[in-house]
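Chain identifiers are assigned alphabetically (A, B, ...) following the order of the sequence lines, protein sequences preceding nucleic acid strands; residue numbering begins at 1 within each chain.
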Amino acid sequence: MQTIIFALLALVSLFSAIMVVTRKNPVFSILYLVLTFFCFAGFYVMLGATFLAAIQILVYAGAIMVLFLFVVMMLNLREPEELEGKNTLWQTMGAVVAIGFGLLVLAFLGRSPGAGVPNFQPGEEAYVMGGAKALGKLLFTEFVFPFEIAGVLLLAAVIGAVALAKRKRV
Amino acid sequence: MVIGLNHYLILAALLFTIGVVGVLTRRNVLIIMMSVELMLNSANLTLIAFSHYLLNAVGQVFVFFSMTVAAAEVGIGLAIIVTIFRNTESLDIAKLNLLKN
């Protein structure tokens with residue numbers, strides 16, 4: 001059962017990821033990326049990270065993708081075809097380099113299965129570990145300082161985004 | 001067949017590679033940004049898979065912070081894209097050659 005769900009999610013996520021990078025119209029890319037993020041949330045649930053799965057859907061599939069969509073609508077692009085001209089040399093070279101990189105990573109994984117981690121199946125405790133209760137306890141005790149810094153980072157991002165996007169009065 | 005750590009690592013590597021292809025071959029700056037998001041997410045998947053199979057919750061805390069940083073990055077990045085569009089009337093990165101030569 002778990003294998004079937006994993007295979008299904010993997011196929012859908014790979015397909016939609018390929019669609020994200022091949023669509024001409026950014027709106028379709030965004031919609032496929034939302035599908036990819038839902039698949040990621042499914043993987044997180046399978047791995048027992050239920051809290052992060054919820055955050056994934058709320059923050060990524062919800063907030064970030066709406067922001068992307070909003071920017072596309074706001075910029076009001078003309079025909080998207082005119083943007084992509086003929087394939088230049090660096091694009092072909094980029095594709096070759098990227099696929100070579102992927103083969104390299106896969107070869108490394110094949111050489112050292114699991115990067116030296118014993119391939120065991122964790123029991124129930126792995127599913128308690130990723131819940132909101134356990135993760136919240138960890139965040140507010142051991143990682144409380146990084147948590148506060150993350151808040152400051154978000155504040156800086158908000159101010160920076162407003163300062164960048166504001167129309168200059170000339 | 002039982003799903004193990006390897007399956008997740010290979011899947012994350014494939015998704016990361018698709019993201020790299022997107023960054024290196026596309027010319028639309030919005031799609032490049034989306035490919036970066038894809039790469040970030042596949043790295044997150046690796047962290048959560050390791051966290052699950054090593055029974056260590058710190059990996060998930062790390063993913064939490066990585067998501068925070070990704071949210072900040074998208075906010076700033078899209079503001080920069082809006083500024084680029086305002087200056088060049090296009091999203092083509094080939095037109096961004098102000099610092100050439």
**OP:** Spell out, yes or no, whether L35(A) and F16(B) are grouped together once hydrophobic residues are joined by side-chain heavy atoms under 4.5 Å, including indirect joins.
**Re:** yes

Subject >> Heavy-atom proximity to chain B below 4.5 Å, by part of L52(A) >> reply: both

Original post:
T3(A) versus chain B, heavy atoms under 4.5 Å apart: side chain, backbone, both or neither?
Top reply: both

**OP:** Please answer whether the main-chain N or O of M39(B) pairs with a side-chain N or O of S42(B) as donor and acceptor at a distance below 3.5 Å.
**Re:** yes

Subject >> Side-chain donor or acceptor of S51(B) paired with backbone N/O of G59(B) under 3.5 Å >> reply: no

Original post:
What part of N44(B) is in contact with chain A, defined as an atom under 4.5 angstrom from a non-hydrogen atom: side chain, backbone, both or neither?
Top reply: both

Original post:
For L11(B) and A10(A), which heavy atoms make the closest approach, and how far apart are they?
Top reply: CD1-CB, 3.8 Å

Original post:
If you count heavy-atom pairs under 4.5 Å with chain B, which of I30(A), V59(A), V158(A) comes out on top?
Top reply: I30(A)

**OP:** Go through A163(A), G160(A), A157(A) and name the one with the most non-hydrogen pairs under 4.5 angstrom from chain B.
**Re:** A157(A)

Subject >> Pairs of heavy atoms under 4.5 Å with chain A: top-ranked of V23(B), L15(B), I80(B), V58(B) >> reply: L15(B)

Original post:
For the candidates I10(B), V63(B), V82(B), L45(B), which exhibits the highest count of non-hydrogen atom pairs separated by less than 4.5 Å from chain A?
Top reply: L45(B)

Subject >> Option in M67(B), E73(B), M34(B), E37(B) with maximal non-hydrogen atom pairs under 4.5 Å from chain A >> reply: M34(B)

**OP:** Could you pull out the closest heavy-atom pair between L135(A) and A57(B), with the gap in Å?
**Re:** CD1-O, 4.2 Å

**OP:** Measure distances from T68(B) to the heavy atoms of chain A and classify the residue's part below 4.5 Å as side chain, backbone, both or neither.
**Re:** both

**OP:** Using non-hydrogen atoms and a 4.5 Å limit, figure out which bit of F147(A) sits close to chain B: side chain, backbone, both or neither.
**Re:** both

Original post:
Looking only at atom types and distance, does a side-chain atom of H52(B) sit under 3.5 Å from a main-chain N or O of A49(B), one as donor and one as acceptor?
Top reply: no

Original post:
Any idea which of N41(B), N56(B), T17(B), I81(B) has the most non-hydrogen atom pairs under 4.5 angstrom with chain A?
Top reply: N41(B)

Original post:
Which atoms of I149(A) come close to chain B, meaning under 4.5 Å heavy atom to heavy atom: side chain ones, backbone ones, both, or neither?
Top reply: neither

Original post:
Would a line drawn from the ring center of F50(B) to the ring center of Y8(B) be shorter than 6.0 Å?
Top reply: no

Subject >> Residue-level interface, residues 136-145 of chain A with chain B, non-hydrogen cut-off under 4.5 Å >> reply: L138(A), L139(A), F143(A)

Original post:
Looking at F68(A), F37(A), F51(A), which has the largest count of heavy-atom pairs under 4.5 Å with chain B?
Top reply: F68(A)

**OP:** List the atom of M33(B), the atom of G77(B), and the distance in Å for their closest heavy-atom pair.
**Re:** CE-CA, 3.4 Å

**OP:** Indicate, with yes or no, if the rings of F43(A) and F6(A) have centres closer together than 6.0 Å.
**Re:** yes

Subject >> Option in L47(A), V162(A), V21(A), L67(A) with maximal non-hydrogen atom pairs under 4.5 Å from chain B >> reply: L47(A)

**OP:** Under 4.5 Å heavy-atom distance to chain B, tell me which part of M93(A) shows up: side chain, backbone, both or neither.
**Re:** neither

**OP:** Indicate the atoms forming the closest heavy-atom contact of A61(A) with M65(A), along with that distance.
**Re:** O-CB, 3.6 Å

Original post:
chain A heavy atoms under 4.5 Å from F64(B): which part of the residue, side chain, backbone, both or neither?
Top reply: both

Original post:
With distance as the sole test, does S66(B) use its side chain to make a donor-acceptor pair with the main-chain N or O of F62(B) at under 3.5 Å?
Top reply: no

Original post:
Which ILVMFWY residues can you reach from V69(B) by hopping between side chains whose heavy atoms are under 4.5 Å apart?
Top reply: L153(A)

Original post:
Would a hydrophobic clustering, with Ile, Leu, Val, Met, Phe, Trp and Tyr connected at side-chain separations under 4.5 Å, put L154(A) with I64(A)?
Top reply: no

Original post:
Can you say whether L106(A) sits under 4.5 Å from chain B via the side chain, the backbone, both, or neither, judging by heavy atoms?
Top reply: side chain

**OP:** Heavy atoms only: give me the nearest I18(B)-A17(A) pair and the separation to one decimal.
**Re:** CG2-O, 3.5 Å

Original post:
Is it the backbone or the side chain of T22(A) that comes under 4.5 Å from a heavy atom of chain B, or both, or neither?
Top reply: backbone

**OP:** Search all heavy atoms of T83(B) against all heavy atoms of A79(B) and return the closest pair with its distance.
**Re:** OG1-O, 2.7 Å

Subject >> Under 4.5 Å from a heavy atom of chain A, the part of I93(B) involved >> reply: side chain

